[in-house]
Visitor: 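Before anything else, here's the structure in question.
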Amino acid sequence: MREHPLHFVRVSIPVRILGAGPSGLAAAITLAHAGQAVDVFERRSDCGMRFGGDLQGLENWSGDTSPVDEFRSYGIDIDFHCAPFTSGVQTNGRRADRMHFPTPAFFVVKRGRATDALDQSLKRQALAAGVQIHFTQTRTAADVDIDASGPAGRAAFAVDTGIVFETDAPDQAVALLNDRAGLKGYSYLLVTQGYGCCCAMSFDAFPTVQAQSMEARRLLIEEAGINVWNPRRVGGLGHYALRSAWTDGRTRRVGEAAGLQDFLWGFGIRMAVRSGVLAARSLLEGTEYATVAERTFAPSRRAGEVNRLLWEVGGVADYALVMAALRLRGPYPLLRWLHRDTLFQRALHPLARWWAERKYAHLRAGRGPFRLGEHPRRSVAADLDALALSVDS
């Protein structure tokens with residue numbers, strides 16, 4: 001059995017975890033490496049079924065340790081597709097800037113059921129550590145020790161929709177800042193080893209997200225002359241709670257069940273894994289999870305809320321001000337500064353919270369009071385099938 005750097009106190013009964021996503025499996029792996037019996041209950045028939053092969057990013061600007069090193073420190077092996085990107089392009093459809101980073105700004109990972117997807121890797125590692133995963137089974141949150149059930153039934157603040165495909169295009173990362181292709185958000189093209197993903201991330205006007213995604217595809221794929229083979233539709237919802245509830249009785253909430261996600265761009269994998277590990281360690285050490293989680297995530301949550309305000313205010317003229325700031329300061333230093341718990345962030349946060357609680361009032365309590373389909377501006381997001389794109393081969 002793998003030695004863990006911390007000394008854990010053995011829990012006397014099997015730990016029950018609801019949900020086999022990154023947060024739930026990170027918790028399970030941590031517990032199993034400490035010699036604890038673990039039962040994970042997953043309502044779907046396999047890990048990663050929430051995703052259709054999307055490419056997502058593990059950001060490398062919010063901490064002093066890279067996500068790869070952080071995962072390894074938790075005892076998680078990097079045996080999944082994890083491609084580092086040290087350059088990229090930002091464009092608003094009129095001007096394009098090539099950006100270079102002194103270290104990987106992010107790592108591209110696959111989600112879903114592919115062998116090299118993050119979800120399948122975590123499943124393999126959990127099973128190898130002795131975790132029992134019970135597929136097509138579920139429990140209520142009150143019947144488990146850790147709730148990693150994800151965002152089902154919680155209010156959404158963003159919709160991500162587009163396609164994945166095969167291509168002969170070189171590896172690349174392109175961010176498109178244009179409200180016609182990702183209102184109040186952005187769209188992106190990621191290509192790694194002949195596999196591509198093109199999506200629009202919209203933070204408003206959800207009923208028009210299909211048109212936004214088609215515009216992203218036109219600007220990022222068609223105008224660039226990129227060959228697309230075997231496209232498949234993908235999509236998802238972004239969830240965030242302005243006030244996280246870390247516990248519900250004895251149950252610890254992790255990942256999106258706790259409302260954890262980056263409020264600026266929707267990155268959430270690192271926070272999900274970190275929260276799962278913290279919950280597992282608090283069980284084994286007998287420490288107060290809510291206190292540790294609040295201390296750990298409050299700075300990044302403050303930064304995300306301030307950054308969301310700055311992003312929407314700075315979105316005039318197709319984000320010309322944002323692009324100018326990235327050129328002037330340098331993209332990587334600016335990203336690291338924006339995600340730090342600085343005096344600037346702390347001073348601006350009361351205004352950012354006041355603004356967010358009015359514009360995004362339905363996010364005040366991760367599970368409501370508004371649910372998908374109930375908020376007037378977001379009713380279309382209740383059913384992603386209603387956002388289906390017409391995909392031509």
Side-chain angles (χ1 to χ4, degrees), residues 54-57 89-96 151 154-163 173-190 197-223 233-240 242 261-268 304-326 338 352 355-363 370 372-391:
D54 317 37
L55 292 178
Q56 297 182 3
V89 174
Q90 67 169 6
T91 178
N92 59 5
R94 297 192 306 273
R95 174 181 177 135
R154 295 162 179 78
F157 74 98
V159 169
D160 178 45
T161 186
I163 59 172
V174 184
L176 172 63
L177 313 182
N178 186 309
D179 276 343
R180 294 182 299 280
L183 186 57
K184 304 298 182 184
Y186 60 99
S187 53
Y188 57 90
L189 170 69
L190 297 171
C197 180
C198 180
C199 288
M201 187 82 167
S202 174
F203 285 72
D204 209 336
F206 287 3
T208 69
V209 70
Q210 178 176 341
Q212 295 177 51
S213 185
M214 293 303 291
E215 178 68 2
R217 182 177 173 183
R218 183 184 71 83
L219 291 172
L220 292 172
I221 293 179
E222 295 174 7
E223 290 200 358
R233 182 173 61 91
V234 293
L237 302 171
H239 299 83
Y240 181 79
L242 287 169
Q261 202 165 34
D262 170 36
F263 201 35
L264 174 59
W265 289 329
F267 289 90
E305 291 169 15
V306 170
N307 291 339
R308 168 77 359 216
L309 171 62
L310 295 175
W311 183 266
E312 297 201 15
V313 170
V316 296
D318 286 333
Y319 300 90
L321 290 176
V322 173
M323 294 181 65
L326 288 166
L338 286 172
W355 169 84
E357 288 195 340
R358 279 149 184 81
K359 177 166 183 181
Y360 295 97
H362 62 299
L363 303 180
F370 294 102
L372 296 181
E374 295 178 359
H375 192 277
R377 291 195 301 119
R378 291 162 171 77
S379 59
V380 177
D383 185 359
L384 274 176
D385 288 339
L387 309 176
L389 300 180
S390 174
V391 179

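These figures come from a predicted structure and were not determined experimentally.
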Visitor: Which heavy atom of Asn92 sits nearest a heavy atom of Asn178, and at what distance?
Guide: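 Minimum heavy-atom separation between Asn92 and Asn178: O-ND2, 3.1 Å.
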
Visitor: Considering non-hydrogen atoms only, spot the tightest contact between Phe203 and Leu264 and give its length.
Guide: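 That would be CZ-O, 3.5 Å.
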
Visitor: Do Asp160 and Leu237 come close enough that some side-chain heavy atom pair is under 4.5 Å?
Guide: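 They are not in contact (no side-chain heavy atoms under 4.5 Å apart), so the answer is no.
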
Visitor: Answer whether the closest heavy-atom distance between the side chains of Phe263 and Leu363 falls below 4.5 Å.
Guide: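 Touching, per the 4.5 Å side-chain cut-off.
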
Visitor: Going by heavy atoms in the side chains, are Thr161 and Val234 under 4.5 Å from each other?
Guide: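 Contact flag for Thr161/Val234 side chains = no.
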
Visitor: Can you name the side-chain hydrogen bond (donor to acceptor under 3.5 Å, both in side chains) partners of Gln261, sequence neighbours left out?
Guide: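 Scan of Gln261 (side-chain hydrogen bond (donor to acceptor under 3.5 Å, both in side chains), adjacent residues dropped) gives none.
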
Visitor: State which residues pass side-chain contact (heavy atoms from CB on, under 4.5 Å) with Ala175; sequence neighbours excluded, sorted by chain then number.
Guide: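 Once residues adjacent in sequence are excluded, Ala175 has no partner under the side-chain contact (heavy atoms from CB on, under 4.5 Å) criterion.
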
Visitor: Hey, what do you get for CZ (Arg218) to CD (Glu215), rounding to the nearest 0.5 Å?
Guide: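 The CZ atom of Arg218 sits 4.0 Å away from the CD atom of Glu215.
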
Visitor: Distance check, rounded to the nearest 0.5 Å: Arg233 atom CZ versus Ser213 atom OG?
Guide: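 Separation between the atoms: 10.0 Å.
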
Visitor: Who pairs with Ser187 by side-chain hydrogen bond (donor to acceptor under 3.5 Å, both in side chains), at least two apart in sequence or on another chain?
Guide: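 In terms of side-chain hydrogen bond (donor to acceptor under 3.5 Å, both in side chains), with neighbours along the sequence ignored, Ser187 is linked to no residue.
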
Visitor: Rounded to the nearest 0.5 Å, how far does CG of Leu338 lie from CG of Leu310?
Guide: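 If I round to the nearest 0.5 Å, the distance is 7.0 Å.
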
Visitor: Looking at every heavy atom in both Arg217 and Cys198, which two are closest together, and how far apart are they?
Guide: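 Minimum heavy-atom contact is CA-SG, 4.0 Å.
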
Visitor: Using 0.5 Å steps for rounding, measure from the CG atom of Leu55 to the CG atom of Leu189.
Guide: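 These two atoms lie 9.5 Å from each other.
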
Visitor: Using the salt bridge (charged side-chain N to carboxylate O under 4.0 Å, His left out) rule, collect all pairs that involve residues 305-324, keeping only residues at least two apart or in two chains.
Guide: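 Every pair satisfying salt bridge (charged side-chain N to carboxylate O under 4.0 Å, His left out) with a residue in residues 305-324: Arg94-Asp318, Arg180-Asp318, Glu305-Arg353, Arg308-Glu312, Glu312-Lys359.
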
Visitor: Check side-chain hydrogen bond (donor to acceptor under 3.5 Å, both in side chains) between Arg95 and all other residues, then give those that pass, not counting sequence neighbours.
Guide: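 Checked Arg95 against side-chain hydrogen bond (donor to acceptor under 3.5 Å, both in side chains); matches are Asp97.
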
Visitor: Just verifying a value: how many Å separate Trp355 CH2 and Leu309 CG, rounded to the nearest 0.5 Å?
Guide: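 Reported to 0.5 Å precision, the distance equals 5.5 Å.
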
Visitor: Flag the pair Trp311 / Tyr319 as yes when their ring centroid distance falls below 6.0 Å, and as no otherwise.
Guide: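 Yes: the rings meet the under 6.0 Å criterion.
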
Visitor: Considering residues at least two apart in sequence or located in another chain, which fulfil the side-chain contact (heavy atoms from CB on, under 4.5 Å) criterion with Ala96?
Guide: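 Only Val89, Thr91 meet the side-chain contact (heavy atoms from CB on, under 4.5 Å) criterion with Ala96.
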
Visitor: Check Gly304 against Asp262 and note the closest heavy-atom contact, atom names and distance.
Guide: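 Shortest heavy-atom separation between Gly304 and Asp262 comes out as CA-OD1, 4.3 Å.
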
Visitor: Give a yes or no on whether the ring-centroid distance for Tyr360 and Tyr240 is below 6.0 angstrom.
Guide: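 No - the distance between ring centres of Tyr360 and Tyr240 does not fall below the 6.0 Å cut-off.
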
Visitor: Is any side-chain heavy atom of Cys199 less than 4.5 Å from a side-chain heavy atom of Tyr188?
Guide: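 Counting from C-beta outward, Cys199 and Tyr188 do come under 4.5 Å.
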
